Amino acid sequence: MSVQQQHPNLIPMAQPPSITLALPPSPPSLPFPESWLHTRYFHLSPLVYTISMSYQCPLIASILYFIITSTVSEVNKRRTLKPWALSRTAIFRRALVLHNVCLAVFSAWACLSTYNVLLEVWPSRQDTLYQTRLADLLCLGDHFPPADERPQLSAHDIYQPNVLFIGWTFYLSKLYEVLDSAILLAKGRRVSALHKYHHAGVIVCAWMAVRYASPPAIVALLFNSAVHTVMYTYYTLTALRVPPPLFTKAALTSLQIAQFLIGVIIGGSFVFLQYQVSAPPVPYSTQPQGAIAASVLKSATMTATGRDQMGAVWRNVRCVKTSEEAYPIWIGVSFVLFLLFMFVRFFVRAYLGPGLGTKKSL
């Protein structure tokens, strides 16, 4: 029988199965993350976690946010957009600086933490199975056991809990970010429709990404936290009355548009992605050396029947297999496409029309 040299890598994108278009059942209950929230110096009640991850929390928060901002915006309109007395106090100005500093620091922490997790588990490019291991990691597949030198933790064991914890704190930050709107309202301004849709929708989408353990959540975590680091640093400087360059507002809006575009392309592709895994699985190693490297190379030698020389059979695995996994992706992509349209329209009206760069920010 002839022997084929085949490297099990990514398979071309395929049409998602019909099950991914169905409404999902209620997601399983999420266990309280003891190792994250119970430490020597910090203790968080399980009740906080349970309430925050119930579907009522983001739904009620978004509805109340939309009602309150719409109501106060109309009040400000009747007051001819006159700033409230609170916004003229020294306490308000200090609180404004602190608010932006906190969000800038948190966003930087979320971005760097996500990057460090990826750096720790990213497979080596010298690994023959580099692409399929990477796909399995990002898709939360857990089809590769740990290597001999790390017998207790696989890449999946490190990646998933850390990303979900960062994602949970990221979701909580979206609840806190509604104070952006409160600041605008205190200054006597109206909150635009784009601003309201953005904040209300992000709360729900961030909750769904964590609640359903959505694989593309890593994309939003990395890019959104990076953009918000820049954005809230800019807001901090303006709160300190440091005059920014004239082009800064347009650049920030362009950065957000780029973030949405990249997020739609990469995040949406998870639904169409499939890759190959072996049975029995090939051990995982971020730096394949010695016996592990030899094992990986030997496993990449396939026979015409699809069975390699070690007896492993390679099979196709979809990144997104169920409606529970696909649901937050479809909702998230639809929401981001809507935001992309709204932000592009805002950019054209604010920066490409008459009075270039003089209109108010979002």
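One-based numbering along the sequence shown. Only a predicted model underlies this, so the values are computations on that prediction, with no experimental measurement involved.
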- prompt: Which residues satisfy the side-chain hydrogen bond (donor to acceptor under 3.5 Å, both in side chains) test with Glu177, sequence neighbours excluded?
  reply: Lys174, His228
message: My understanding is that only residues two or more places apart in sequence, or in another chain, count here; which of them pass side-chain hydrogen bond (donor to acceptor under 3.5 Å, both in side chains) with Ser52?
response: Trp168
message: According to disulfide (SG to SG under 2.5 Å), who are the partners of Cys319, at least two apart in sequence or on a separate chain?
response: Cys139
Clusters formed by hydrophobic residues whose side-chain heavy atoms approach within less than 4.5 Å: which one holds [X], and what are its other members?
X	answer
Leu98	none
Val75	Trp84
Ile91	none
Ile183	Leu86, Phe92, Leu96

Residue pair [X] / [Y], side-chain heavy-atom distance below 4.5 Å:
X	Y	value
Val227	Leu252	no
Arg189	Leu81	no
Asn100	Tyr234	no
Met53	Trp207	yes
Ile331	Met208	yes

query: With no hydrogens and no angle check, do the side chains of Tyr275 and Asp136 hold a donor and an acceptor under 3.5 Å apart?
result: yes
- prompt: With a 3.5 Å cut-off and no angle check, do the side chains of Ser70 and Lys196 form a donor-acceptor pair?
  reply: yes
message: Per the side chain to side chain donor-acceptor pair (under 3.5 Å) rule, what does the pair list look like for residues 85-99, sequence neighbours excluded?
response: His99-Tyr176, His99-Asp180
field: Ring-ring centroid check Phe106 Phe170, cutoff 6.0 Å
entry: no
message: For Phe343 and Phe346, I'd like to know if the aromatic rings sit close, meaning centre-to-centre distance below 6.0 Å.
response: no
task: Specify whether Tyr130 and Trp122 have parallel, tilted or perpendicular ring planes, treating 30° as the upper limit for parallel and 60° as the lower limit for perpendicular.
output: tilted
Sequence neighbours excluded - salt bridge (charged side-chain N to carboxylate O under 4.0 Å, His left out) pairs with any residue from residues 59-80: Glu74-Arg190
message: Please enumerate all residues that pass side-chain contact (heavy atoms from CB on, under 4.5 Å) together with Val117, with sequence neighbours excluded.
response: Tyr159, Asn162, Val163, Ile166
- prompt: Any donor-acceptor pair under 3.5 Å linking the side chain of Thr132 with the backbone of Leu129?
  reply: no
- request: Write out all pairs satisfying disulfide (SG to SG under 2.5 Å) with one or both partners inside residues 55-117, taking only residues at least two apart or from two chains.
  value: none
message: Restricting to salt bridge (Lys or Arg N to Asp or Glu O under 4.0 Å), what partner residues turn up for Lys187, sequence neighbours left out?
response: none
